[in-house]
Peer 1: 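Below you will find the structure I want to go over with you.
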Amino acid sequence: MKARSVSATAVISVGVFTLAGCGGASSPEGSVGEYAQDGSFTTVINADPGNLHPLITNLTSTQIVNAYSYDSLIDIDAQTRTVRPYLAESWSEEGNTLKFVLKKGITCADGTSFTAQTAADDINWVMDPENASPLRGSTVPLSTVASADGDELTVTTAEPAPFLLSRIGALRLPCAATLDDPASIRSSSNGTGLFKVTEVVPNDHITMERRDGYTWSPNGETTSDTLGVPKTVTIKIVTDPSTTANLVLTGGVNAAAVTGSDEERVLAAGLDSKTYTTLSGEFIFNHFASLPTSDRAVRQALVQAVDLDDYTEITTGGKGTRARALAVSEPLACDYNSVEGTIPEFDVDAAKKTLSDAGWKAGADGVLTKDGRPLALNVIFNNSRDTNSAAAEYVATQWEGLGAKVKLTGGDYSFVIANTFSTTDLSSWDVSIGLTLGSDTPSIFAKYFTGPPKPEGVNFASLDNKKYIELSTEASLLPGDESCKIWEESERALFNDIDLLPVSTTPAHMFFNGATSIYPPSSGILPGSAIRVLK
């Protein structure tokens, strides 16, 4: 089976519904002699992380924070795909059963021991429907049961589950007290990670302090006493990309992901950087019954009216390429092209005919109507970057040319999430071109594209694709690479019905100034043990 990074946890963000992971070691830019003793490290996130409990969140910004405070059972090298010890010193996989032997002497931020029983309790807590963990049914298969015997953790599923080792191994595990009192770490932390949260100022910053006695990082590369490990970490909340670029250029922050129009000027400064791939463009159509986008003909026409190559060029500032599948974060669990051959060709005249054949007729004001309902679209987009806004304007122009009445509703990352994925009014939006769903494994998506919508489930676009449900269910019962072909077919079912569409990917850079990382980022996420501060 092809190993994947431990970034198996599904995350939602504007710009990425992606994964948190450790990734593999790579040589740092500086030598040990250039590392600082007890330095400070500052980085940024682009949205307030909200609740910091690692088992009840799937926001990228939250996982960036939690990567400093919580560890996982295993680490998988992002370059060689080699599985390495982390909280577990050894493991085995046989059929539907995983066994992990945990390292001895692991402690929590509150001073208690972290044991196999703690890990089992964490997993079973996720499986309890009353806790409403978004990891239940996505990262953790629905039939999962965990138990402990001394240092050994056993995880079983009632049926085969694809990528089980990396999915369970990806979980960032909190300590025992957090399960009895989940609110205790809403604005704090209690994990096995190298850093502990000491201050949270909403919409401004999070501060962390290094713990003593930390020795269980992957391959023992990082301890509390390792030279270059910062004593304090500050994570600033900065929503404006240009401000982020300015901060890393001036040394106001030590690490930041910079994309879009600001990327070139940061590259020109010659800063150390590490790259990763992001899903930068995606169309998601709301299938809520009262909306025009519940009509397949409308969805087809909207895609026919947009030149997706031009859209990719605009939204990525010429740096991106067309997406090939839903999962684009590297290293990929499955490598296939599920987009090719599923999308209608760019043809505005054909788009107009599609709508006319479906019964949409122009009214006195030129807006198309059907059964007394206008073709009015509320399009949610991310306006944080000029390129995103320009792409949204292009889409609006094309759709207005069909006879649609288009309302562009733009905002920052938090705004887009709040008005699509997290909204309680399921009919309040028609199309999202600002929210992207990213992962390195296709099995993560099924929970978000099937089942009941909110509040009973997380099917936020009210999808009901029978073929996708059938195929994703079939794929979820197959191990490893055996499932990849079925996952590809399941995605093709989504794209053939134009339920949603991944459009573009972009190589992104994380830049460093006064610091470096011994691990490459996974979708912009670095574990705390990777950081080294320079003199």
Side-chain angles (χ1 to χ4, degrees), residues 281-308 311 322-323 325-326 338-363 367-380 395-396 398-407 420-421 426-437 445-446 448-453 457 459-473 487-503:
E282 185 167 27
F283 292 178
I284 303 174
F285 298 101
N286 193 346
H287 290 56
F288 193 82
S290 66
L291 300 178
T293 45
S294 65
D295 184 342
R296 187 192 183 282
V298 170
R299 302 194 302 272
Q300 177 177 327
L302 295 180
V303 173
Q304 286 176 309
V306 175
D307 187 326
L308 296 176
Y311 179 86
R322 290 287 300 278
L326 286 176
S338 56
V339 174
E340 186 177 17
T342 63
I343 305 168
E345 296 291 329
F346 169 57
D347 188 331
V348 175
D349 289 338
K352 292 178 179 178
K353 185 176 187 303
T354 297
L355 290 171
S356 177
D357 290 348
W360 291 88
K361 306 298 182 184
V367 175
L368 295 177
T369 62
K370 180 180 180 180
D371 299 329
R373 178 178 62 177
L375 183 53
L377 304 172
N378 182 20
V379 180
I380 308 295
V395 167
Q398 295 300 106
W399 290 350
E400 287 170 347
L402 296 179
K405 182 179 181 180
V406 179
K407 175 186 177 183
T420 53
F421 179 77
L426 302 182
S427 65
S428 63
W429 62 282
D430 298 275
V431 187
S432 168
I433 57 175
L435 181 74
T436 55
L437 312 182
F445 299 106
Y448 299 91
F449 300 154
T450 63
N459 184 359
F460 66 99
S462 300
L463 301 186
D464 187 24
N465 188 310
K466 300 295 193 297
K467 189 171 183 180
Y468 178 78
I469 294 170
E470 175 187 346
L471 290 169
S472 62
T473 300
W487 285 119
E488 178 182 0
E489 292 178 17
S490 75
E491 291 182 13
R492 286 181 171 274
L494 288 175
F495 307 154
N496 278 321
D497 274 1
I498 317 171
D499 294 334
L500 70 156
L501 180 64
V503 180

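Since this is a predicted model, take the numbers as computed values, not measurements.
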Peer 1: If you apply the rule side chain to side chain contact (heavy atoms under 4.5 Å, CB included), what do you find for Thr420 with Ile284, and how did you get there?
Peer 2: CA-CA 10 Å; Thr420 53; Ile284 303 174; over 6 Å; no
Peer 1: Could you state the interatomic distance from CG (Asp307) to CD (Glu345), rounded to the nearest 0.5 Å?
Peer 2: 10.0 Å
Peer 1: Hey, can you tell me if Trp429 and Phe460 have their rings parallel, tilted or perpendicular (30° and 60° cut-offs)?
Peer 2: parallel
Peer 1: Could you label the plane-to-plane angle of the Trp399 and Phe285 rings as parallel, tilted or perpendicular, counting under 30° as parallel and over 60° as perpendicular?
Peer 2: tilted
Peer 1: Taking Ser432 for its side chain and Leu435 for its backbone only, find out whether a donor-acceptor pair lies under 3.5 Å.
Peer 2: yes
Peer 1: Within a strict 4.5 Å, meaning less than it, do heavy atoms of the Pro374 and Leu368 side chains meet?
Peer 2: no
Peer 1: The test is side chain to side chain contact (heavy atoms under 4.5 Å, CB included); show your working for Val306 and Phe346 and say whether it passes.
Peer 2: CA-CA 6 Å; Val306 175; Phe346 169 57; 5.6 Å; no
Peer 1: Quick check: do Gln300 and Leu302 have side-chain heavy atoms less than 4.5 Å from each other?
Peer 2: no
Peer 1: Are Leu437 and Leu326 side-chain neighbours, meaning at least one heavy-atom pair lies under 4.5 Å?
Peer 2: no
Peer 1: Ignoring hydrogens, what is the shortest heavy-atom contact between Ser294 and Ala289? Give both atom names and the distance.
Peer 2: OG-O, 3.4 Å
Peer 1: Go through the steps to decide whether Val431 and Asn286 satisfy the test side chain to side chain contact (heavy atoms under 4.5 Å, CB included), and finish with yes or no.
Peer 2: CA-CA 6 Å; Val431 187; Asn286 193 346; over 6 Å; no
Peer 1: Can a side-chain donor-acceptor contact be found between His287 and Asp464 if the only test is distance below 3.5 angstrom?
Peer 2: no
Peer 1: For Leu291 and Ser427, which heavy atoms make the closest approach, and how far apart are they?
Peer 2: CD2-O, 3.5 Å
Peer 1: Within the structure provided, determine whether Arg322 and Leu308 are in side-chain contact (heavy-atom separation under 4.5 Å).
Peer 2: yes
Peer 1: Is it true that Ser338 and Glu491 share a donor-acceptor pair across their side chains at a distance under 3.5 Å?
Peer 2: yes
Peer 1: Side-chain contact test, heavy atoms from C-beta onward, threshold under 4.5 Å: evaluate it for Phe449 versus Ile469 and give yes or no.
Peer 2: no
Peer 1: Rounded to the nearest 0.5 Å, what separation is found between the CZ atom of Phe288 and the OG atom of Ser428?
Peer 2: 9.5 Å
Peer 1: Decide yes or no for Tyr468 and Phe495: does some side-chain heavy atom of the first lie under 4.5 Å from some side-chain heavy atom of the second?
Peer 2: no
Peer 1: When you check the side-chain N and O atoms of Asp430 and Asn378, is any donor under 3.5 Å from an acceptor?
Peer 2: no
Peer 1: Can you list everything that forms a side chain to side chain donor-acceptor pair (under 3.5 Å) with Lys361? Sequence neighbours excluded, please.
Peer 2: none
Peer 1: For a side chain to side chain contact (heavy atoms under 4.5 Å, CB included) check, start with the C-alpha distance between Gln304 and Thr354, then their side-chain angles and the critical distance, and finish with the verdict.
Peer 2: CA-CA 9 Å; Gln304 286 176 309; Thr354 297; 2.8 Å; yes
Peer 1: Side chains of Pro344 and Ile498: closer than 4.5 Å at any heavy-atom pair?
Peer 2: yes
Peer 1: For a quick test of reading the model, state the closest non-hydrogen atom pair linking Leu500 to Glu282 and the distance between them.
Peer 2: CD1-OE2, 3.3 Å
Peer 1: Would you say Val406 and Val379 make side-chain contact, with heavy atoms under 4.5 Å?
Peer 2: yes
Peer 1: Looking at Arg492 and Glu488, is any side-chain nitrogen of the basic one under 4.0 Å from a carboxylate oxygen of the acidic one?
Peer 2: yes
Peer 1: Identify the heavy atoms of Ala493 and Asn465 that sit nearest to each other, and give their distance.
Peer 2: O-ND2, 3.0 Å
Peer 1: Testing the basics here: between Val395 and Phe283, what is the closest heavy-atom pair and its distance to 0.1 Å?
Peer 2: CG2-CZ, 4.1 Å
Peer 1: Looking only at heavy atoms, which two atoms of Pro502 and Val339 are closest? And how far apart?
Peer 2: CG-CG2, 4.0 Å
Peer 1: Evaluate the criterion salt bridge (Lys or Arg N to Asp or Glu O under 4.0 Å) for residue pair Lys353 and Asp347; output intermediate values, then yes/no.
Peer 2: CA-CA 10 Å; Lys353 185 176 187 303; Asp347 188 331; over 6 Å; no
Peer 1: Enumerate the salt bridge (charged side-chain N to carboxylate O under 4.0 Å, His left out) contacts for residues 283-298, please, sequence neighbours excluded, ordered by first and then second residue.
Peer 2: Asp295-Lys370, Arg296-Asp497
